[in-house]
Amino acid sequence: MSSTDKVWLQEQQRVEYVGDQIESRISTLEQEVGIVRGDVVEMRKDFWDEVTVNFSEADDVGETSTSLRQQSQVLSERESKHLHSSSALIKMKRLRQSPYFGRIDFAEEGADVENIYLGIASLLEEGDEEFLIYDWRAPISNLYYDSVPGEVSYETPSGTIQGKLSLKRQFVIQGRQIKVMFDTGMTIGDELLQQVLSRSSDAQMRSIVATIQREQNRIIRDDRHRMLIVQGTAGSGKTSAALQRVAYLLYKHREDLRADQMILFSPNPMFNSYVSTVLPELGEENMRQTTFQEYLEHRLGREFQLEDPFMQIEYVLSGEEDEGYASRINGIRYKSSSVYLEAINRYKELLENKEMKFKPLRFQGKEFVSSELIREKFYSFDPAIRLANRCELLKEWLLKELANFAKGELGEPWVEEQIQLLDTDEYQKAYRRMRRKQQGKDPSFGDFEQERDILGKMIVSDRLKPLRKWVKALRFVDITKLYAQMFRDHDLMSEISLGKLPEDWQEISKLTLQKLREGELFYEDVTPFLYLKELILGFRSNTEIRHVIIDEAQDYSPFQLFFLKRLFPRARMTTLGDLNQAIYAHASVLQQSNVLIDLYGEEESELITLFQSYRSTREIVEFTRGMIPGGESIVPFNRDGEKPEVRKVSDKEMLNHRIRDDIESLRADGYETIAVICKTAEESLETYEALSLNLPVKLIKKTTLSFEKGIHIIPAYLAKGVEFDAVIIYDGSDLKYTREAERKLFYTACTRAMHLLHIYSLGEPSRFIREADPSTYINVKMSE
């Protein structure tokens, strides 16, 4: 037997031994979970039988309280034990599938060599004597990801450990059998990565702990900076690394950090489904997941009809013929900028002394506190008091004015009319209310004047209740009029913007005011409107959240990122993005990294750039990187495949026919996830209607909540962040993709492909294709 075979046999024997240990642990935990679950069920069922209940005397009340507390503590303890055992059982079952993926041999200075095996969770040998498996997040595991054999060191909470790394070995283990094993001096051997990347795409993103690269490991383990900026090319593993980062932080800070103190801002609801399994696979709870639009709807959706980013981009892509198109685009850029943010900050300073707008208090068509009187009262307060605090003082004054008004209304004829219309139930309601006020004494309704006074107060109070609620919510501050004032008063806007206004500001103002009159807000206005509202009324900050992860950060404006910093003042922030996929009309925060660095300062910020692309084959990357400026810096992973194909067709009927045939062929070849990527939602719907007659296609909309395997018809902007085995570009013609603003959208669509890319063109192919190196793709002639 060769030395290689002996090593393989020894490692295989260890796999079987560890497998036995895992099975033993699973058996023990299953019994424990079953027993504890039974205890919990019985305790819940018999809870009140074990509690002494007696409220007749003060001492008995105390005894009852003690009994309740003791029984609750016992139940809570058993429930906690059940939760802990269940969690441990889930981890063991995951280890059963593949116990570990790596081994390092490390000798600390002055000590013997230790064989360290790495997996997704730790495993102690029976008796807790030694680790059979170390968690990939443990400090020593860093040697596997970052070091090569030789003199090495790693950091622990107690200091730096130095020693010698003599071996780095990688495994693929399935069903207790070693399928792949090799030694390497690299961080991750190409063989293992090749195997992982050659698989079909899944309905959910996979965990990548076995294939984490050195730069990705920097992202995962960075725990020093307040702002971590990750600029990575398409398919570089940004999102995967960010999710592993969450798992790492939850492991390292498990004593004082919970999953619900971390939040992920996703590009769309479907993406939440796509990444939902990564953390549970690692034995961690999912963090909070939302979209920025969902937050905006939560804050302003009751006041306005809000445009979302997908409606905005649909207009950008298809509204070029609209008369106000150029002004709308200029408005998007200006309103998303830090220049507009600074203008609103100066506007707030101006409002401290003048120009505040208020709504009068009206009741039944009668104005009893005018907006002029409210403004006069507001500016009578000490100017040193913040705007938000002055609004609170104004609220208290208005509530008193409202109470005085209520007294004056008691003698009005409408009150008498309402008393005459009261039914028996309403009389009873007034009786009970009076009884409560007199602390149980029987109120006499025999006295007509007293009765009328009680009923009158009840009626006036009930009628004024919505107005009191309105005042308490500070709705008397006219935020809409204050926001509109910036667009109505050119001199004011020129003053607060220091003259830095777009040339077509009047047209931008006209479009904005029209939307406001219709009770709507452009997407580019939503964040500035909310920011102004909070500057005046006070910020609603969330101090519970400790980590914010923003995916597709290139789609956020400087204004939006600043707002998120204000929203989560105690949080650290991780932003992930690719400037080459910045498809929205506003300026991306990634265009100038100093915009992000300035949020927390240079010392608190770290920028990591990822150039290697792992998602697509080398041929697809070599083709797509030719579409974008600076694309030569993108490094394809050495995984071979077919060159992208460009197929020119003459008409729509032929286009649909050829794509149907193509999909059938791809399915027969075993491709499980196929995307037909269109430019817009309208084109996606038309394509779906044409293809659904013969194929089981799924139409992906902005409201789609889950991502599944199959054939997807999807707009390019919704495909961001996900990947497919094969991608078919529905119409990559020059008519569809020719403007410079569409270059990154086309690049984004093409880079969704893992293994195969086919581009159909209704007429002349896009100039983005023609400008690429002709040797990187194949022109396929289509017969009629």
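Because the structure is predicted, anything quoted here is derived from the model rather than measured.
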Roughly how far, to the nearest 0.5 Å, is the [atom2] atom of [Y] from the [atom1] atom of [X]?
X: Ser240; Y: Ile219; atom1: OG; atom2: CD1; result: 10.0 Å
X: Glu552; Y: Gln581; atom1: CD; atom2: CD; result: 6.0 Å
X: Met92; Y: Thr28; atom1: CE; atom2: OG1; result: 11.0 Å
X: Asp146; Y: Ser141; atom1: CG; atom2: OG; result: 11.0 Å

Using residues 256-265 as the side-chain source, report each donor-acceptor pair under 3.5 Å to any protein atom, sequence neighbours left out, with the distance given to one decimal.
unit_1	atom_1	unit_2	atom_2	d
Arg258	NE	Asp260	OD1	3.0
Arg258	NH2	Asp260	OD1	3.2
Gln261	OE1	Arg258	N	2.9

Excluding sequence neighbours, so at least two apart, what forms ring pair (Phe, Tyr, Trp, His ring centres under 6.0 Å) with Tyr248?
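Tyr248: no ring pair (Phe, Tyr, Trp, His ring centres under 6.0 Å) contacts found.
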Is a donor on one side and an acceptor on the other found under 3.5 Å between the side chain of Asp725 and the backbone of Thr673?
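Flag set: sc Asp725 to bb Thr673 pair under 3.5 Å.
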Measure from the side-chain N and O atoms of Glu16 to the backbone N and O of Arg176, and report whether any donor-acceptor pair falls under 3.5 Å.
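No, because the side chain of Glu16 does not come within donor-acceptor range (under 3.5 Å) of the backbone of Arg176.
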Residues that [X] engages under salt bridge (charged side-chain N to carboxylate O under 4.0 Å, His left out), provided they are two or more places apart:
X: Glu619; result: none
X: Arg103; result: Glu11, Asp105
X: Arg572; result: none

Do the two ring centres, one from Phe724 and one from Phe707, sit under 6.0 Å apart?
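Centroid distance Phe724-Phe707: below 6.0 Å, so yes.
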Ring centres under 6.0 Å, that's the criterion: do Tyr145 and Tyr154 meet it?
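That pair fails the under 6.0 Å test.
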More than 12 foreign heavy atoms under 6.0 Å from CD of Glu642: is that the case here?
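No - once you tally the heavy atoms of other residues, nucleotides and ligands closer than 6.0 Å, there are 12 at most.
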Look at the aromatic rings of Tyr100 and Phe171 and report parallel, tilted or perpendicular, splitting at 30° and 60°.
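Geometry flag for Phe171 against Tyr100: perpendicular rings.
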Which of these passes side chain to side chain donor-acceptor pair (under 3.5 Å) with Glu606: Arg226, Arg224, Arg218?
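With Glu606 as partner, side chain to side chain donor-acceptor pair (under 3.5 Å) holds for just one option, Arg218.
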I'd like to know if [X] pairs up with [Y] as an ion pair, taking the criterion as any Lys NZ or Arg NE/NH1/NH2 lying under 4.0 Å from an Asp or Glu carboxylate oxygen.
X: Lys720; Y: Asp555; result: yes
X: Arg137; Y: Glu284; result: yes
X: Glu23; Y: Arg96; result: yes

Which pair of heavy atoms, one from Ala749 and one from Ile677, lies closest together, and at what distance?
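That would be O-CD1, 3.4 Å.
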Sorted by first residue and then second, give each salt bridge (charged side-chain N to carboxylate O under 4.0 Å, His left out) pair with at least one member in residues 239-252; sequence neighbours left out.
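Passing the test, one end in residues 239-252: Asp223-Lys252.
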